[in-house]
Amino acid sequence: MTDSTVPTTTAADFAWIREQYASLLEAYCVTLVEAITPEELLRALGAEPGERTTGVEDLCEPSYDVWDMEDGERLLVAAAPVGDWSLMVEYNGFLGITDEVALPLSRGRTVVSHFRNINAVDHFKWYRDGTTRLHFEPLFPHQRDGSHPDELLTAMRESGFDLSDAEDRPRRGHTEAAFALAQRITGVAPTPLLFAGAEFVGGLAQPPRSSR
């Protein structure tokens, strides 16, 4: 997707996420994967589809329970269908932004993932057909890499990212801007209604050893 065709969502359109899903934003990974069903996605991650859950909020407690029981050796991943895409949500997870996972998954399709951990380390990655087109830390969007690091500069600015390297630049709203940019790339809108009513199927996936 190019700057001329993206929808005009901004960070302000996602203020509701911080208000309604503060526990998710403490440590999360949200991933959109094109042209795959939730069950196919889980199996591609090595997870057998299992329990079904309605809404994002109900994924929180079981995700942390799995983390405590498995000590990070396996993670709860959950995916829901959104048109031709699958929305994958991980509380305290990171599979979606792990290159060993996402690069092969992106062959023949688009994968967009963004992540933040409990220490406020964050990443945004746009994968396409086995390559990383764009990667940056939402807190430091002026530092970018990937095969097309400057393709979406207008979309990034309009989403709410300050691309300057000034020390006094605003340090708020970058997480919400990541949601806005993901929607601009994919066309998939993560609305309050979707987060509350999406039907997720979950499974346990083992992260690559290099990421543990």
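FYI, side chains are in, hydrogens and waters are out, and symmetry mates aren't considered; it's all heavy atoms of this structure. All values reported here derive from a predicted model rather than from experimental measurement.
- Between Phe124 and His114, the ring planes are parallel. Angles under 30° get that label, and only those over 60° would be called perpendicular.
- At least one donor-acceptor pair closer than 3.5 Å links the side chain of Arg109 to the backbone N or O of Ala35.
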> Yes or no on side chain to side chain contact (heavy atoms under 4.5 Å, CB included) for Gln143 and Asp145, after CA distance, side-chain angles and deciding distance?
Replying inline: CA-CA 7 Å; Gln143 300 173 344; Asp145 57 72; over 6 Å; no
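- Classification of the Trp16-Phe14 ring pair by plane angle, with boundaries at 30° and 60°, yields tilted.
- Taking the side chain as every heavy atom from C-beta outward, Pro208 and Val101 approach each other to under 4.5 Å.
- Proximity of Phe179 to Asp13: side-chain heavy atoms (C-beta onward) are nowhere separated by under 4.5 Å.
- One hydrophobic cluster, built from ILVMFWY side chains closer than 4.5 Å, cannot hold both Tyr28 and Leu95; they sit in different ones.
- Side-chain contact between Ser106 and Arg128: absent, with no pair of heavy atoms (C-beta onward) separated by less than 4.5 Å.
- The closest side-chain heavy-atom distance from Lys125 to Asp99 is below 4.5 Å.
- Under the 6.0 Å cut-off for aromatic ring centres, Phe136 and Phe161 qualify, their centroids lying closer than that.
- Checked for salt-bridge contact, Arg116 and Glu176 miss the test: no charged N lies under 4.0 Å from a carboxylate O.
- Cluster annotation: Val77 is not connected to Val82 through the hydrophobic network of ILVMFWY side chains, with a link wherever side-chain heavy atoms come within less than 4.5 Å.
- Here CG of Leu41 is found 8.5 Å from OG1 of Thr31. Values are rounded to the nearest 0.5 Å.
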>> Is there a side chain to side chain contact (heavy atoms under 4.5 Å, CB included) between Cys60 and Tyr21? Walk through the geometry before answering.
In response: CA-CA 10 Å; Cys60 180; Tyr21 294 93; over 6 Å; no
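- In the hydrophobic clustering of ILVMFWY residues, with side-chain heavy atoms under 4.5 Å counting as a link, Leu75 and Val111 come out together.
- Taking the side chain as every heavy atom from C-beta outward, Glu90 and Ser63 never approach each other to under 4.5 Å.
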>> Evaluate Val188 against Val112 for side chain to side chain contact (heavy atoms under 4.5 Å, CB included), listing each step before the verdict.
In response: CA-CA 11 Å; Val188 177; Val112 175; over 6 Å; no
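- At a threshold of 4.5 Å between non-hydrogen side-chain atoms, the residues Leu24 and Val89 count as touching.
- Residues Leu181 and Trp126 fail the side-chain proximity criterion, which asks for heavy atoms closer than 4.5 Å.
- A salt bridge does not link Arg209 to Glu100: none of the charged side-chain nitrogens sits closer than 4.0 Å to a carboxylate oxygen.
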> For Glu70 and Leu76, what are the C-alpha separation, side-chain angles and deciding distance, and is it a side chain to side chain contact (heavy atoms under 4.5 Å, CB included)?
Replying inline: CA-CA 10 Å; Glu70 299 283 345; Leu76 176 63; over 6 Å; no
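- Counting non-hydrogen atoms of other residues, nucleotides and ligands closer than 6.0 Å to CD of Gln20 gives a total above 12.
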